[in-house]
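Values below: every heavy atom of this structure, side chains too, minus hydrogens, waters and symmetry copies.
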Amino acid sequence: MKKTHTSPLFIGLIMIVLGVILVLYSGQAMATILRITAVGFLVVGAVGIAGFFLGRDDDKKSIPKLFVYVIEALAGLIVLINPKFIMDIYPAAMGIIIAVDGLGNLFQALGMKKQEGKTWKAMLLLSVITILLGILVICNPFSTLNVLTIVIGAVLVYDGLTKVIAVVKK
């Protein structure tokens, strides 16, 4: 008798459906993901704040943790009230982070050259590509966000298909 693996099959099918949604409706999907994330932050922050004041957990009796809970709740609330603001700044912020990371990798590659490292040229090339991609995202954030969402969707479809195929072939 053939043993079925419903969990990996189910996960694979969910990944395929989510991937198709991201590919076909990338703009709306990103807004929905932001809203779901915002609700998560709001709930975690609110529960943390309530736990702090109700004294349910001694570990939560620190002011820095309360501060984090308040920030989480506020971030969730802000995103729920104005998700467009986050969608507007997110791509540019990611572009800056990518470019700065590439710059750090560039310095690391140059340091490897001084130490006669064998892979410094590959690291140099990859860091320059990373910097250029970061600049591309900064200069054209809206289309790159859309493309990024589509790529993530395509990867989810591919990964989901491989899971389904792996389960079916067993």
Heavy-atom pair with the smallest gap, counting every atom of [X] and [Y]:
X	Y	result
G12	V164	C-CG2, 4.0 Å
A46	A73	N-CB, 4.2 Å
S127	G102	CB-O, 3.4 Å
A99	I135	CB-N, 4.5 Å
L106	L124	CD1-CD1, 3.2 Å

Linking I/L/V/M/F/W/Y whenever their side-chain heavy atoms sit closer than 4.5 Å, directly or via other members, would [X] and [Y] fall into one cluster?
X	Y	answer
L54	F67	no
L18	F10	yes
V44	V39	no
I78	I49	no
L80	V43	yes

Is any side-chain heavy atom of [Y] closer than 4.5 Å to one of [X]?
X	Y	answer
L13	V17	no
T130	I98	yes
K163	I11	yes
M123	N105	yes

Practice prompt. May I have the step-by-step check of side-chain contact (heavy atoms from CB on, under 4.5 Å) for F41 and I71, ending in yes or no?
Written response: CA-CA 9 Å; F41 271 101; I71 295 297; over 6 Å; no

State the [atom1]-[atom2] distance between [X] and [Y], to the nearest 0.5 angstrom.
X	Y	atom1	atom2	value
I81	L74	CD1	CG	9.5 Å
I97	I138	CD1	CD1	10.0 Å
Q108	L103	CD	CG	12.0 Å
I14	L9	CD1	CG	10.0 Å

Discussion item. Name the residue from L132, L125, L126 that meets the side chain to side chain contact (heavy atoms under 4.5 Å, CB included) definition with V128.
Written reply: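 When side chain to side chain contact (heavy atoms under 4.5 Å, CB included) is applied between V128 and each of L132, L125, L126, only L132 qualifies.
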
Practice prompt. Please test L156 against L22 for side-chain contact (heavy atoms from CB on, under 4.5 Å), starting from the C-alpha separation and ending with a verdict.
Written response: CA-CA 9 Å; L156 282 173; L22 286 175; 3.7 Å; yes

Worksheet item: Looking only at atom types and distance, does a side-chain atom of T162 sit under 3.5 Å from a main-chain N or O of D159, one as donor and one as acceptor?
Response: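 Yes, T162 side chain to D159 backbone: donor-acceptor pair under 3.5 Å.
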
